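Since the structure comes first, as structure tokens, the remarks are kept for the end.
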Amino acid sequence: MTAIVVAPRLDEFNTVPIARFGHRLALGVQWIDALSEQPLAGPWATELERIGARPLVKRLIAHGQGRHALLHRDAVARLLRLAASELAAFPPPAADPSELVLRGHGADRRHVPRRVALTPVLGADGEPPVSTANIRRLRLWPGAEYPVPAGCTVLRGRIRRGAAMASAQPVPWARVVITRPAGAAPFPAPPVFDDETPAGWAHGDDRGEFLAVLGAAALPGGALLPATMPLTVWVSLPAAIVLDPLDPDDALASLPLEAAGTTLSGALLNGTALPPGHVRQVGFRIAIPPGQTTVLPDVDLRFA
């Protein structure tokens, strides 16, 4: 008869640890280059501005590969526990007290900064789960000094607003979409945004400058490369624009806030959705050669 051996219960006295949990992650963000789809290379800072309505200035810890971590400890942990108790109250607060407002920026102008509000997943006690639920990937779009590879089709410009060219001032943080009209010329006028194919996106910076790198979607199709490509430029401006000079000590203070909540993917995180308050202007037609850099005249990008 074979004896039955009962395995001993595993506990701290008869096991050997193979890993140790060091800290909880309140939020992790990874910045992605929107064109290469690769993690951001080079110096980039991510700063916490506030949790809910409570100011808390703190720089996230950089870990390479465009990754930045906000640890769940100290003041961050205390404010998130407080936020969890407020969310559990009845009635709950009108604004989410656990929302984390961040802004990312670099020392150069290779990528345009962004300011986002992300809501972490929390337990009833305000503790984040030990999982990837609070890791978000956000895309960054080319800035004026982006190293564009040779042979790309590039559109540059500076967006301004004013009654006349002589008095027009740069519009910070505009958004630009480049689309390709459907069918062949002559194209309908005025253009209809929803009837055209997106061919490129761009974020304007604090000086009103933008750089759009166009992909294959800009080409009308066919075996031969055309001499020029018909496109439509759509500029979206903040509804409230201050024409006075920006704060010289903090040019990022006017960055629009993009609230993504708990979403893990989509147009808002990708930077292809308009920030709240941005208004799309009437599109205008252009025809540019492929494989070259085209600078749009200032007169085309002045809005009254």
Side-chain angles (χ1 to χ4, degrees), residues 27 29 31-32 34 46-57 60 70 83 86-87 92-105 111-121 134 136-143 157 159-161 169-179 192-194 196 198 200-210 212 232-244 246-247 250-283 301 303-304:
L27 184 72
V29 296
W31 299 99
I32 304 295
T46 306
E47 298 168 347
L48 174 68
E49 292 183 6
R50 57 182 170 85
I51 298 180
R54 300 178 173 93
L56 179 60
V57 178
L60 276 63
L70 179 66
E86 293 176 346
L87 288 171
D96 194 328
S98 66
E99 182 181 69
L100 303 173
V101 176
L102 310 171
R103 65 181 182 181
H105 59 92
H111 294 88
V112 179
R114 292 187 68 185
R115 184 167 175 251
V116 295
L118 306 173
T119 304
V121 177
N134 287 329
R136 317 292 172 83
R137 301 173 83 236
L138 299 104
R139 281 167 171 74
L140 292 170
W141 291 86
I159 299 167
R160 296 195 290 175
R161 186 175 184 179
Q169 297 293 320
V171 178
W173 318 124
R175 295 290 176 91
V176 179
V177 182
I178 316 298
T179 60
V192 179
F193 182 81
D194 291 335
E196 305 202 359
W201 285 266
H203 288 196
D205 63 13
D206 58 310
R207 299 176 181 176
E209 299 176 1
F210 72 89
T232 310
V233 180
W234 306 85
V235 176
S236 297
L237 306 178
I241 299 176
V242 179
L243 296 182
D244 295 332
L246 296 177
D247 183 351
D250 187 5
L252 305 181
S254 61
L255 264 172
L257 180 62
E258 305 170 75
T262 58
T263 182
L264 299 179
S265 62
L268 201 148
L269 293 182
N270 291 341
T272 55
L274 292 182
H278 274 58
V279 180
R280 182 178 292 120
Q281 309 299 303
V282 176
L301 295 169
F303 297 89

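Owing to the predicted nature of the structure, the values given are computational and were not obtained by experimental measurement. Each residue takes its place number in the sequence, starting with 1.
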Check: L60 and L48 side chains under 4.5 Å, non-hydrogen atoms:
yes
Which pair of non-hydrogen atoms, one from A260 and one from L268, has the smallest distance, and what is that distance?
CB-CD2, 3.6 Å
Heavy-atom closest contact (G204 atom, F210 atom, distance)
CA-CB, 4.1 Å
Hey, mind stepping through V176 and I159 against side chain to side chain contact (heavy atoms under 4.5 Å, CB included) and telling me if it holds?
CA-CA 10 Å; V176 179; I159 299 167; 3.8 Å; yes
Shortest non-hydrogen contact from R136 toward T263
NH1-O, 3.6 Å
Which residues share a salt bridge (charged side-chain N to carboxylate O under 4.0 Å, His left out) with R103, sequence neighbours left out
E47, E49, D250
H278 side-chain N/O to W173 backbone N/O, donor-acceptor pair under 3.5 Å
yes
Any residue meeting side chain to side chain contact (heavy atoms under 4.5 Å, CB included) with T272, in chain and number order, not counting sequence neighbours
W141, W201, A267, N270
Side chain to side chain donor-acceptor pair (under 3.5 Å) filter on D205, not counting sequence neighbours, yields R109
Looking at every heavy atom in both L237 and A174, which two are closest together, and how far apart are they?
CD2-CB, 4.1 Å
Write down the atom of P97, the atom of I51, and the distance for their closest heavy-atom approach.
O-CG2, 3.5 Å
Applying salt bridge (charged side-chain N to carboxylate O under 4.0 Å, His left out) to E86 and not counting sequence neighbours gives R54
Only counting residues at least two apart or in another chain, list the ones meeting side chain to side chain contact (heavy atoms under 4.5 Å, CB included) with V279.
A239, Q281
Only counting residues at least two apart or in another chain, list the ones meeting side chain to side chain donor-acceptor pair (under 3.5 Å) with R175.
H203, E258
Measure the shortest side-chain to side-chain distance between D96 and L87 over non-hydrogen atoms and say whether it is less than 4.5 angstrom.
yes
The criterion is ring-ring contact (aromatic ring centres under 6.0 Å, His included); which residues satisfy it with F193, sequence neighbours excluded?
W234
Drop me the distance from I32's CD1 to L140's CG, to the nearest 0.5 angstrom.
8.5 Å
Distance, nearest 0.5 Å, that separates CZ of R114 from CG of L269
7.0 Å
Counting C-beta onward and ignoring hydrogens, is there a side-chain heavy-atom pair between V171 and P238 closer than 4.5 Å?
yes
Salt bridge (charged side-chain N to carboxylate O under 4.0 Å, His left out) involving E196 - partner list, sequence neighbours excluded:
R285
Looking only at atom types and distance, does a side-chain atom of R115 sit under 3.5 Å from a main-chain N or O of S254, one as donor and one as acceptor?
no
Distance col, row R160:CZ vs R207:CZ, nearest 0.5 angstrom, shows 14.5 Å
Sorted by chain and number, sequence neighbours left out, side chain to side chain contact (heavy atoms under 4.5 Å, CB included) with V192 holds for D195
Contact summary for V121 and N134, nearest pair of heavy atoms
N-OD1, 2.6 Å
For A259, side chain to side chain contact (heavy atoms under 4.5 Å, CB included) partners two or more places apart:
E99, A117
